[in-house]
Amino acid sequence: MASKKDKGIKDNQNPAKTAGRKKVKIGHDGQRPIIYQTFPRILTNTNPTCKFAGSLEENGSGKLADYTPGLLRSLKNLGVNCIWLTGVIEHATKSDFTSYGIPKDNPNVVKGEAGSPYAIKDYYDIDPAIAVDPARRMEEFEECVGRIHQAGMNVIIDFVPNHTARQYHSDAAPVGIRDFGDGDNTTWHFDPNNNYYYIPNQQFSPDFNIVGEGDVPYIEFPAKATGNDCFSAFCGRNDWYETVKLNYGHDYGDNSDHFDPIPDTWLKMLHILRFWASKGVDGFRCDMVFMVPLAFWHWAIPQVKQDYPDVVFIGEIYDVGLYRPFLDYGCFDYLYDKVNLYDKIVGIERSNFSAAQLTSAWQTVDGISSRMLNFLENHDEVRYGSVEFAGDPMKVVAPLVVSSMMSTGPYMIYYGQELGESATENEGFAGYNNRSTIFDYWSYDNMRRWYDGGKCSVAKLNAQEKWLRGIYSKVLNLCNKNDALRAGNFFDLMYVNLSNPGFDPHRCFAFLRYTLDEALLIVANFGGEERKCDVNIPEVAFDMAALREGEVMAADLLNGESQHLILSRLNPSTVRVPAHGAVILSLKKDLN
């Protein structure tokens with residue numbers, strides 16, 4: 001472990017470890033993390049103007065101050081115990097905040113009016129658009145964190161390590177902290193001491209017009225590499241042209257690593273992590289972690305945890321082959337399971353995948369499933385109800401139950417998901433893309449009616465929205481209130497039902513969750529018709545889950561009804577499952 005001197009952080013530069021942190025670590029109080037991802041600038045925005053590509057003045061923005069005890073209580077009642085505040089770090093924008101000492105960004109390299117929350121222009125500051133008083137933006141953030149903790153929930157924010165905005169400048173960094181790029185040797189493509197990668201002797205010249213907006217053309221000479229590993233001055237509109245790639249000591253020219261001495265970028269990023277940990281955040285959702293050397297995470301995360309042992313790291317990752325290295329050597333607490341479970345559920349809904357393929361999803365992460373974060377929506381993916389996914393938010397019960405109840409790991413929903421938000425509007429920069437905008441100032445009708453000026457109630461929701469919110473509340477709360485779902489064992493029943501004539505493995509998926517005291521039979525129906533499923537339960541499952549043979553009235557924890565089952569080691573049990581639905585049947589245990 002490096003000393004403070006080796007880390008390049010003097011005692012008087014290290015942020016004070018104050019801010020009255022919540023003492024319970026995410027996921028270590030016996031509760032599964034149930035995360036609600038939210039954009040503060042959209043969640044509570046009550047401005048109904050919704051002008052295409054509208055400005056802050058035209059379309060308005062929600063505020064951190066809107067995260068009141070009442071709003072947080074409503075989310076907690078939904079089953080949420082962790083709030084992910086997305087887009088709170090100061091990023092490039094077309095809005096003018098020069099009156100608060102914040103330099104303008106060149107609009108030609110900003111996506112949308114509000115700007116991408118992943119084009120960070122000051123790692124030490126808060127987006128002024130989400131503050132009631134932009135001069136107090138950091139204080140408003142700290143107060144919001146305090147209210148979330150007082151509500152008995154945790155708070156996570158983004159850590160964006162791979163790239164910055166093209167124009168980076170911090171006016172809020174502690175004394176002695178130099179900006180990224182300050183002092184770089186721009187005559188070399190790669191230098192271990194540089195913060196960025198350069199294309200020497202070449203101006204940034206993307207294949208689209210970057211002199212079309214504002215009074216000043218954007219000039220970058222020499223050009224920097226673009227954030228999505230585009231090591232060329234001639235990037236396109238589909239590249240992350242609003243960002244520049246950070247240099248962690250890996251030379252992409254000859255694929256060599258230069259990690260000794262510790263690169264300057266490592267030291268700066270470690271300081272940034274400690275800075276936000278000192279503000280009381282409970283965890284970091286780390287953006288595109290596989291685009292940063294694994295060695296950095298192995299070095300940085302333990303040092304943060306040495307000072308802030310309860311801080312949790314969640315990694316966004318898209319390669320199952322990297323899951324175990326990033327959990328073990330990389331020291332992450334949790335990782336996204338996008339390319340495994342999520343993609344299979346998308347395949348079931350859109351590409352005629354068989355539900356039986358879900359078996360391979362848990363097998364892929366066997367032994368680490370409790371450290372995989374599952375979801376049906378986030379800001380990168382299409383909305384579940386959109387035409388590119390299910391086409392109807394009311395079909396969500398089967399995938400929701402499966403994705404939240406197959407494991408004991410964290411589960412996440414995206415703001416508005418619980419109301420069936422389906423991304424049918426063209427907000428601005430990204431157009432109609434079946435996703436809710438991350439680039440524009442906007443509001444959504446269903447969220448405005450739920451927020452209702454701060455009342456945060458279902459009073460103005462329609463019948464479909466009320467039903468959906470009720471389903472999400474039931475499922476998310478069960479994940480922690482029921483011990484078998486919170487911490488129990490898993491048993492896949494598909495292998496004894498693949499050739500069962502009374503069970504359709506193409507549309508149905510069945511499994512057990514159990515503890516010493518309770519067993520649950522869960523059957524999900526991804527099909528459009530109600531089914532009677534004859535479910536075989538093998539003898540080994542009877543023994544492992546201590547099931548009792550014979551007749552039983554099994555209560556369905558999802559809808560409150562009961563089903564008459566005959567549990568047998570030799571014969572299947574007949575279960576009724578609604579179309580696009582699921583049942584969670586509580587079975588009696590043989591404790592003798």
Side-chain angles (χ1 to χ4, degrees), residues 7 9 14-15 17 19 21-28 33-40 64 81-91 117-120 122-127 138 141-142 144-145 148-149 153-164 246 248 265-294 296-318 326-327 329-338 371-373 375 378-380 409-410 412:
K7 298 171 191 172
I9 300 173
N14 200 18
K17 290 176 278 186
R21 291 185 37 36
K22 178 178 170 65
K23 296 185 182 300
V24 176
K25 181 177 179 179
I26 296 173
H28 284 251
I34 306 296
I35 301 169
Y36 190 86
Q37 183 190 3
T38 168
F39 268 84
L64 289 168
N81 55 28
C82 185
I83 307 293
W84 170 9
L85 296 173
T86 308
V88 298
I89 307 299
E90 188 179 292
H91 51 271
Y118 296 96
I120 304 296
D122 187 347
Y123 281 104
Y124 291 96
D125 212 346
I126 292 295
D127 174 16
M138 184 59 77
F141 171 78
E142 292 169 341
C144 180
V145 171
I148 293 172
H149 287 166
M153 294 190 285
N154 295 108
V155 56
I156 63 176
I157 65 170
D158 285 285
F159 173 55
V160 186
N162 178 65
H163 48 267
T164 71
L246 283 166
Y248 280 79
T265 301
W266 292 29
L267 298 170
K268 286 176 175 173
M269 283 302 185
L270 177 60
H271 192 278
I272 289 163
L273 287 166
R274 283 184 169 138
F275 174 85
W276 289 106
S278 78
K279 295 295 181 182
V281 302
D282 301 291
F284 297 98
R285 178 268 184 190
C286 301
D287 189 65
M288 305 299 283
V289 299
F290 57 96
M291 298 183 78
V292 172
L294 180 59
F296 166 75
W297 301 111
H298 176 76
W299 174 85
I301 290 177
Q303 294 192 71
V304 175
K305 292 194 174 197
Q306 186 177 44
D307 294 332
Y308 304 94
D310 292 341
V311 169
V312 164
F313 287 80
I314 302 170
E316 176 193 18
I317 195 165
Y318 298 109
F326 272 78
L327 289 172
Y329 188 77
C331 304
F332 277 89
D333 296 281
Y334 304 110
L335 296 176
Y336 275 34
D337 192 17
K338 190 273 179 190
R371 299 175 68 185
M372 305 308 299
L373 183 149
F375 54 84
N378 63 47
H379 69 274
D380 286 313
M412 180 173 73

**Request:** State, to 0.1 Å, how close His149 and Asn154 come at their nearest heavy-atom pair, and which atoms those are.
**Result:** CD2-CA, 4.5 Å

**With sequence neighbours excluded, residues passing side chain to side chain donor-acceptor pair (under 3.5 Å) with Tyr318** = Glu316

**Item:** Nearest heavy-atom neighbours spanning Val155 and Cys82
**Value:** N-SG, 4.4 Å

**Item:** Point-to-point distance, once rounded to the nearest 0.5 Å, from CD1 of Ile148 to CG of Leu64
**Value:** 8.5 Å

**Prompt:** Do Asp158 and Ile89 come close enough that some side-chain heavy atom pair is under 4.5 Å?
**Reply:** no

**Request:** Kindly compute the distance separating CZ (Arg274) from CE (Met269), expressed to the nearest 0.5 Å.
**Result:** 14.5 Å

**Complete:** d(Asp380 CG, Met288 CE) to nearest 0.5 Å is 7.5 Å

**Request:** For the pair Lys279 and Val145, evaluate side-chain contact (heavy atoms from CB on, under 4.5 Å) and give the outcome as yes or no after the intermediate values.
**Result:** CA-CA 8 Å; Lys279 295 295 181 182; Val145 171; over 6 Å; no

**pair Met412-Tyr336: side-chain heavy atoms closer than 4.5 Å** = yes

**Prompt:** So, the side chain of Trp297 versus the backbone of Val289: is there a donor-acceptor pair under 3.5 Å, distance only?
**Reply:** yes

**Prompt:** With a 4.5 Å heavy-atom cut-off, do His379 and Phe39 have their side chains touching?
**Reply:** yes

**Prompt:** Can you list the steps and then say if Tyr118 with Asn162 is a side-chain contact (heavy atoms from CB on, under 4.5 Å)?
**Reply:** CA-CA 10 Å; Tyr118 296 96; Asn162 178 65; over 6 Å; no

**Request:** Please name all residues satisfying ring-ring contact (aromatic ring centres under 6.0 Å, His included) with Phe296, sequence neighbours left out, ordered by chain then number.
**Result:** Tyr248, Trp266

**Item:** Smallest separation among heavy atoms of Asp127 and His91, with atom names
**Value:** OD2-CE1, 3.6 Å

**Asked** Does Phe141 have any ring-ring contact (aromatic ring centres under 6.0 Å, His included) partners at least two apart in sequence or in another chain, and if so, which?
**Response** Trp276

**Message:** Working to the nearest 0.5 angstrom, can you tell me the gap between Thr86 OG1 and Asn378 CG?
**Reply:** 9.0 Å

**Fill in**
For His163, the ring-ring contact (aromatic ring centres under 6.0 Å, His included) test, sequence neighbours excluded, returns Trp240

**Atom of Gly87, atom of Pro117 and distance for their closest heavy-atom approach** = CA-CB, 3.5 Å

**Request:** Before giving the answer on side-chain contact (heavy atoms from CB on, under 4.5 Å), spell out for Lys305 and Asp333 the whole-Å C-alpha distance, their side-chain angles and the decisive distance to 0.1 Å.
**Result:** CA-CA 11 Å; Lys305 292 194 174 197; Asp333 296 281; 2.7 Å; yes

**Fill in**
ring-ring contact (aromatic ring centres under 6.0 Å, His included) filter on Phe313, not counting sequence neighbours, yields Phe284

**Item:** Asp282 side chain to Ile156 backbone, donor-acceptor under 3.5 Å
**Value:** no

**Request:** Before giving the answer on side-chain contact (heavy atoms from CB on, under 4.5 Å), spell out for Met372 and Leu335 the whole-Å C-alpha distance, their side-chain angles and the decisive distance to 0.1 Å.
**Result:** CA-CA 5 Å; Met372 305 308 299; Leu335 296 176; 3.9 Å; yes

**Item:** Considering all heavy atoms, the nearest Gly330-Ile301 contact
**Value:** O-CD1, 3.3 Å

**Message:** How long is the straight-line distance from CG of Leu294 back to OH of Tyr329, given to the nearest 0.5 Å?
**Reply:** 6.5 Å

**Prompt:** So, for Leu85 and Val88, which heavy atoms are closest and what is the spacing to 0.1 Å?
**Reply:** CB-CG1, 3.7 Å

**Message:** So Tyr124 and Met138, do their side chains get closer than 4.5 Å, heavy atoms only?
**Reply:** no

**Prompt:** Any chance the rings of Tyr123 and His271 have centres within less than 6.0 Å?
**Reply:** no

**Request:** Check Ile272, Ile120, Val281 against Phe159 for a side-chain contact (heavy atoms from CB on, under 4.5 Å) and give me the one that passes.
**Result:** Ile272

**Asked** Can you check whether Ser278 reaches Tyr308 side chain to side chain, under 4.5 Å on heavy atoms?
**Response** yes

**Request:** Indicate yes or no for a side-chain donor-acceptor contact from Arg371 to the backbone of Phe332 under 3.5 Å, with no hydrogens or angles considered.
**Result:** yes

**Prompt:** By salt bridge (Lys or Arg N to Asp or Glu O under 4.0 Å), which residues pair with Asp125, not counting sequence neighbours?
**Reply:** Arg137

**Request:** Could you tell me whether the side chain of Thr164 reaches within less than 4.5 Å of the side chain of Leu246, counting heavy atoms only?
**Result:** yes

